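All values derive from a computational prediction rather than experimental measurement. Chain naming here is simple, since letters A, B, ... match the order of the sequence lines and numbering starts at 1 in each.
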Amino acid sequence: MALRVHDTRRREKVPFTTMRPGRVSMYVCGVTVYDRCHLGHARCYLAFDLIHRWLEASGYDVDYVQNFTDVDDKIIARANETREGDWLGLVDEMIDGYYEDMDALNILRADHYPRCTEHVDGMITIIEDLIERGHAYASEDGVYFDVSSAPEKYGQLTGQSFDAVRAGAGGRVGGTGGGKRDHRDFALWKAAKPDEPTWPSPWGDGRPGWHIECTAMSLDHFDGAFDIHGGGHDLRFPHHEAEIFQGECHTDHAPLVHHWLHNGFVNVDGEKMSKSLGNFWTIREILERVDPLVLRFALINAHYRSPIDMNEALLHDAERNHGRLIEAYAKALRGRTSDHPVALPQPDVASQDPLSKGLGLMERMAQGFALAMDDDFNSREAIAKVLGGVREATRLLDADLDEADANAVAHHCVAWFEELAGDVLGVLPSPDVLLAEPEEDPRRTEVADEVEALLLQRAEARSAKDWPAADAIRDRLSAMGVEVTDTADGPVWTLR
RNA sequence: GCACGGAUGUCAGAGUGGCUAUGAGCGGGAUUGCAGAUCCUGAGACCGGAGUUCGAAUCUCCGUCCGUGCUCCA
């Protein structure tokens with residue numbers, strides 16, 4: 001098996017290679033912390049979480065760096081509007097919010113979270129070097145990168161040619177960056193303006209441009225080239241192309257990034273998610289009514305490069321599918337009767353023995369799962385294999401086996417689910433949560449006596465085959481918010 | 001306008017030239033007093049047109065439609 005990834009620069013799936021055997025250096029553009037994270041952020045960091053998890057499951061030692069952009073126009077504007085310019089307070093609060101949202105979605109932490117304000121010295125060093133090499137120039141309102149000094153680097157990620165982005169767009173130049181020689185140039189350093197945080201520099205007080213921070217942080221952390229650079233599809237231009245200019249001209253090393261990975265966008269009800277359309281969902285808002293693991297399931301239930309449309313049907317599907325998975329996992333957990341499973345027969349899809357055949361089918365699903373993930377992290381296909389495994393596992397767990405085999409099958413299924421759906425997809429709740437005694441819910445305790453009494457009456461009605469009376473009691477319970485399900489072991493009830 | 005992606009059944013959504021997944025929904029069946037869950041099972045699709053090929057959802061070309069970027073964006 002060999003991992004292949006879609007590289008935006010080469011525009012095709014390519015074999016995944018690393019600079020150092022067994023180790024992966026990965027940098028993903030982080031959030032600008034001026035507001036709470038929205039669904040688009042969730043999707044992005046979920047996509048790279050799966051990539052992170054699969055690389056580790058494949059045996060790589062991953063060094064994952066994700067930055068916080070903690071100074072920029074929007075942060076300053078928001079802080080001036082809402083908290084009298086206390087931008088540091090805003091930034092710290094939003095970073096806490098970021099961790100809260102991402103932890104809820106079961107996204108594993110990156111290894112390092114540099115903040116760009118901690119790297120201003122590094123940015124200044126790079127800018128000085130770019131000026132010396134003739135790739136940048138200082139003007140009255142800042143320092144700009146001179147794109148014409150390396151026109152061959154233009155359009156590496158978006159295919160636009162240097163000339164095609166024509167000077168005709170120059171009408172826009174006036175308002176921003178008056179010191180630019182060419183509208184394609186971009187700011188490395190912005191001269192100080194009133195009411196803004198500033199840092200001293202050889203070009204006077206000011207603050208860094210947006211693109212330079214990622215170059216400074218990634219070069220500093222990885223000491224040069226690295227294996228994966230990721231981010232949202234929208235960052236390809238200009239942000240990531242600017243990084244190519246800066247990093248490659250500064251280091252004389254090309255390509256500096258070996259694999260460019262970009263995730264697709266989130267739409268809502270078929271429209272682009274945006275504040276002006278009023279269809280802008282923050283993670284915090286949606287988690288008030290959707291289980292975080294269901295949201296996670298929904299968002300990885302499409303290939304990471306495809307656009308995804310967030311709507312009720314998508315969440316409904318995810319809830320159903322995720323529910324089936326959880327039910328099967330819970331059944332496997334409960335099926336373990338001893339910690340010493342006996343050996344199971346060899347898996348063999350061609351076997352006449354249902355046990356051996358079922359194990360063979362599960363093994364085949366696991367192989368398909370690995371092939372799918374190796375094919376540019378195809379989580380949709382991988383989920384299909386997991387759901388195939390749910391069917392096989394349920395069949396085996398329901399099969400008429402002797403106790404020793406049943407216990408061994410349960411252990412086998414638990415391990416299967418935890419390895420694929422747990423460790424890699426990250427959609428399994430912890431067994432403690434799943435198997436917690438429902439009686440511990442205080443709301444439940446409150447009504448338990450009444451419910452039990454009614455269930456007793458219903459049981460009497462049922463044994464007398466008085467179905468209308470039995471159903472009337474169930475309706476009454478339902479009106480109380482109690483759902484009754486009859487099982488082989490008697491009725492089970494849950495609170496809505 | 002330029003650039004980059006798309007178009008698969010009612011819906012969501014994978015797809016390595018030959019047999020197409022996985023689900024939701026719908027139809028049958030088993031089980032159940034009923035419901036739910038589970039299992040078995042059925043119907044139903046490859047935007048249009050040409051071409052390459054023994055064979056195309058998959059490759060090539062043309063067309064149509066859609067999305068995104070070109071300005072801050074995950």
Side-chain angles (χ1 to χ4, degrees), chain A residues 4 8 11 13 28-32 34 37-48 66 69 72-74 77 155 157-161 163-166 168-169 172-173 175-176 183-184 210 230-239 241 262-267 270-275 298 301-303 305-309 311 313-325 327-328 331 365 368 371-372 375 378-388 390-391 394-395 397-399 461-463 465-468 470-471 474-475 478 483-488 491-492 494:
Chain A
R4 292 168 65 80
T8 308
R11 274 173 223 156
K13 286 184 197 169
V28 175
C29 283
V31 284
T32 299
Y34 73 103
C37 293
H38 54 64
L39 272 179
H41 296 113
R43 203 217 175 161
C44 176
Y45 302 111
L46 231 22
F48 287 99
Q66 190 191 123
T69 296
D72 115 310
D73 294 347
K74 286 193 291 288
L157 300 180
T158 54
Q160 304 176 99
S161 72
D163 293 325
V165 182
R166 53 189 65 257
R172 299 193 195 120
V173 177
T176 58
H183 81 283
R184 290 168 291 206
W210 176 39
H233 193 246
D234 54 326
L235 295 183
R236 293 171 309 148
F237 186 91
H239 187 55
E241 291 201 5
H262 292 99
N263 65 276
F265 262 39
V266 178
N267 298 324
E271 288 184 305
K272 182 182 172 174
M273 186 172 74
S274 78
K275 288 189 173 170
N301 199 207
H303 190 273
R305 283 188 286 115
S306 308
I308 192 166
D309 190 44
N311 53 52
L314 186 82
L315 290 171
H316 174 254
D317 266 23
E319 205 170 347
R320 296 277 306 183
N321 285 327
H322 186 252
R324 289 182 57 216
L325 170 62
E327 277 304 310
K331 183 177 279 211
M365 292 296 168
L371 286 174
D375 182 13
N378 191 338
S379 54
R380 183 57 169 88
E381 179 74 11
I383 285 176
K385 298 301 177 190
V386 167
L387 292 174
V390 164
R391 184 179 304 251
T394 306
R395 220 197 309 251
L397 291 164
D398 285 343
R462 290 185 74 207
S463 59
K465 294 198 194 301
D466 184 355
W467 310 129
D471 290 345
R474 189 167 57 191
D475 289 346
S478 177
E483 296 286 354
V484 179
T485 306
D486 293 315
T487 71
V492 170
T494 51

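The residue A:Thr394 sits close only to the backbone: its heavy atoms come under 4.0 Å of sugar-phosphate atoms, none of a base. Counting any heavy atom pair closer than 4.0 Å across all strands shown, A:Asn263 reaches a base atom. Across all strands shown, A:Asp486 has heavy atoms under 4.0 Å from base atoms, whether or not it also approaches the sugar-phosphate. Note on A:Gly264: a base of the nucleic acid sits closer than 4.0 angstrom, heavy atoms only. At the heavy-atom level, A:Val266 lies under 4.0 Å from base atoms of the strands shown. Note on A:Tyr45: only backbone sugar-phosphate atoms sit closer than 4.0 angstrom, heavy atoms only; bases stay farther off. Across all strands shown, A:Ser306 has heavy atoms under 4.0 Å from sugar-phosphate atoms exclusively, and none from any base. Across all strands shown, A:Gly40 has heavy atoms under 4.0 Å from base atoms, whether or not it also approaches the sugar-phosphate. At a threshold of 4.0 angstrom between heavy atoms, the contacts of A:Arg236 are confined to the sugar-phosphate backbone, with no base atom among them.
We find that OH of A:Tyr34 is positioned 13 Å from P of B:C72, with the value rounded to whole Å. One can place CG of A:Leu235 at 15 Å from C1' of B:C4, the figure rounded to the nearest angstrom.
Nucleotides B:C4 and B:U8 place their P atoms 22 Å apart, quoted to the nearest Å. Between the C1' atoms of B:A57 and B:C19, the separation comes to 14 Å (whole Å). Taking atom C1' on both B:G63 and B:U22, the two are 33 Å apart, rounded to the nearest angstrom. Rounded to whole Å, the C1' atom of B:G9 lies 14 Å from the corresponding atom of B:C47. Nucleotides B:A45 and B:A56 are separated by 15 Å at their C1' atoms, to the nearest Å. B:G17 and B:A74 have their C1' atoms separated by 37 Å, given to the nearest Å.
A salt bridge does not link A:Asp317 to A:Arg320: none of the charged side-chain nitrogens sits closer than 4.0 Å to a carboxylate oxygen.
Out of B:C34, B:C40, B:A21, the shortest distance to the side chain of A:Arg462 is found at B:C34. Listed nucleotides B:A12, B:A74, B:C40 differ in distance to A:Thr32; the shortest reach to its side chain belongs to B:A74.
For A:Glu381 and A:Asp471, each mapped to the nucleotide of RNA chain B holding its nearest heavy atom, the one lying further toward the 5' end belongs to A:Glu381. In terms of position along RNA chain B, the nucleotide closest to A:Arg320 lies nearer the 5' end than the nucleotide closest to the other residue of the pair A:His38 and A:Arg320.
In a base pair of the Watson-Crick type (N1 to N3 plus N6-O4 or O6-N4) or a G-U wobble (N1-O2 and O6-N3), with each distance short of 3.5 Å, B:U52 is matched with no nucleotide. If you check B:U38 for Watson-Crick or wobble pairing at under 3.5 angstrom, you find it paired to B:A30. With a cut-off of 3.5 Å on both pairing distances, the Watson-Crick or G-U wobble partner of B:G69 is B:C2.
For the pair A:Tyr45 and A:Gln66, the minimum side-chain heavy-atom distance is below 4.5 Å. Two residues are said to be in side-chain contact when any heavy atoms from C-beta on lie closer than 4.5 Å; A:Asp486 and A:Arg474 meet this criterion.
Here the CG atom belonging to A:Asn378 is positioned 10.5 Å from the NZ atom belonging to A:Lys385, to the nearest 0.5 angstrom.
A donor-acceptor contact under 3.5 Å is not formed by the side chain of A:Asn301 with the base of B:G13. For A:Arg474 and B:C34, a side-chain-to-base donor-acceptor distance below 3.5 Å is present, hydrogens and geometry of angles not being considered.
One finds a side-chain N or O of A:Asn378 lying less than 4.0 angstrom from the OP1 or OP2 phosphate oxygen of B:G15. OP1 or OP2 of B:A21 has not a single side-chain nitrogen or oxygen of A:Arg380 nearer than 4.0 Å.
Per the stacking criterion (ring centres < 5.5 Å, plane angle < 30°), A:Phe237 does not stack onto the base of B:G69.
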